[in-house]
Amino acid sequence: MLDLLHSKNSYTKCLQDADNSYSFSDINALALSFSEYLLPRVVALILTDNSVGSVLSYYSCLRFGCVPLLLPRETDPSIIFLYLELYKIQLILCPDQYSSLFSTYSLSFSSLGYSILIGEIRASIKVHSQLALLLTTSGSTGNPKLVKLSYSNLKANALAIIQYLNITHNSKHITTLPMSYTYGLSCINTHLLSGGSIVLNRFSVVERGFWESVYKFEPNTLSGVPYSYELLYRFPDHKLIDSAFNVFTQAGGKLSNKLTLHYAHLCNQSNKKFYVMYGQTEATARMSYLPPDKLISKIGSIGIPIPGGRFQIKPNNSDLSINSSDYVTGELVYYGDNVFMGYANCSSDLSSESLLHRQLDTGDIAYCDQDGYYFIAGRLNRFTKLFGKRISLNDLESHLRESNINCAIVSDDINIIIFIEESSCLSFDESVSIAKSIFLESINLNPRFSRFVEIDKIPRSSSGKIQYSSLPKL
């Protein structure tokens, strides 16, 4: 992965924004100039956006031995400073306009709208020799835990994705997802590694700026989370049929069967391909994909393991297990070279590697059908995925309880459903109002993805644990 751009035609255009194009040769030369101000084997915080400066900052760190920690540039400053302190960060790469936030850091270099800031030299922090990248556990509610990814994790997953999506030097991707998010980042990695090109877009798929880039640069690959395709569904079908897009990919949560069938038929009519995929940050990005020709016959499936990976169903007695007379359900366990090095909660965790190398217990309840296709049937560890973010339902419950809202939270992977117990402290309307504010602050949750239900009594076991399976079915 350090040689990401070395073997490509140096004059091939690999990055384009609204105003400029950059060849592989340009990016390598710019990375070399960045490298003079980087410190090897230290953590560098990058506040990312979909810009050339952001991609260049990331690539420069990878190539010259820094360990980038990616956060979206709009991250709350209090959370940014929490990471700076916990991981004793000496280097910051950020958009120029953000550099004033870091008064104790000095400006050492600026190029393409990005600044490199350096802080005081701290006591030496030992970083594992194979540690390449740090990503947040997506959707975390201010939790400073990070996912540690190695150079081999990045390369193995990128090569597998390139293989099953058939990404080549002719592939042109347009960004619709944050590059701090593992799915968005994997799109960048795969297209650079394959010799393809990337159109850097900062607009939503419903905004004029996005479609101006589509018409101007004619990208042929579009990737999105379920919400992206919900937004695109509002447009007339000819917007996608008449575009240069010939490959669509979807991950980051479950797309409804209705929309999956819509896009399947749309692509069949226009000789385009639609891939449904499944992954986690802990697996670098992808663990499985559903081939386009199986989209209808295996509707709802996460597909088959990516090249080089495999699944195992581990039977369990969880309250979330789904009874099936045909298939054995249990926790989905994944094995592959893209499985992460473990978690970090502070700087002292950066030197270690997980003992469960290449094995990931996904926390999802699944089954495998007679043809080898896998289906998610529930969640073991109380997480959900919405608009590309994995969200801890337990964290959300804790936040609400701190505000005297007695609740139980579940999700159907389309909405977060909040059951609120009658309280003498707050009215139902007051509880809903407070909860919406907390959701907006902690996970930037659009209210349309939440449903609130008043309940007389939250069902609990004799030990006081909430019995989620006994909540009313809506």
Q. Pick one: which of Leu69, Leu93, Leu70, Ile80 meets side-chain contact (heavy atoms from CB on, under 4.5 Å) with Leu47?
A. Ile80

Q. Within the distance-only criterion (no hydrogens, no angle test), does the side chain of Ser115 pair as donor or acceptor with the backbone N or O of Ser110 below 3.5 angstrom?
A. no

Q: Please work out whether the ring planes of Tyr164 and Tyr289 are parallel, tilted or perpendicular, with thresholds of 30° and 60°.
A: parallel

Q. Going by heavy atoms in the side chains, are Cys14 and Leu192 under 4.5 Å from each other?
A. yes

Would you give me the side-chain donor-acceptor pairs under 3.5 Å for residues 240-248, sequence neighbours excluded?
| residue | atom | partner | partner atom | Å |
| --- | --- | --- | --- | --- |
| Ser243 | OG | Leu240 | O | 2.7 |
| Ser243 | OG | Phe245 | N | 3.3 |

Q. Counting N and O atoms only, with roles assigned by atom type, does the side chain of Lys298 sit under 3.5 Å from a partner on the main chain of Pro291, one being a donor and the other an acceptor?
A. no

Q: Return yes if a side-chain donor-acceptor contact under 3.5 Å exists between Tyr59 and Asn28, otherwise no.
A: yes

Q.
Quick one, Tyr327 with Phe375, criterion ring pair (Phe, Tyr, Trp, His ring centres under 6.0 Å). Give me CA distance, side-chain angles, the key distance, then yes/no.
A. CA-CA 10 Å; Tyr327 308 114; Phe375 293 76; 7.7 Å; no

Q) Counting distance only, does the side-chain N/O of Thr48 pair as donor-acceptor with the main-chain N or O of Leu71 below 3.5 Å? A) yes

Q. Would Phe81 and Phe102 count as a close aromatic pair, with their ring centres under 6.0 Å?
A. yes

Q. Which is it for Tyr334 and Tyr374 under the ring pair (Phe, Tyr, Trp, His ring centres under 6.0 Å) test, yes or no, and what are the steps along the way?
A. CA-CA 12 Å; Tyr334 174 80; Tyr374 288 81; over 10 Å; no

(Q) For a 4.5 angstrom cut-off between non-hydrogen side-chain atoms, does Tyr87 reach Val67? (A) no

Q. Are Asp349 and Ser352 close enough that a side-chain donor and a side-chain acceptor fall under 3.5 Å?
A. no

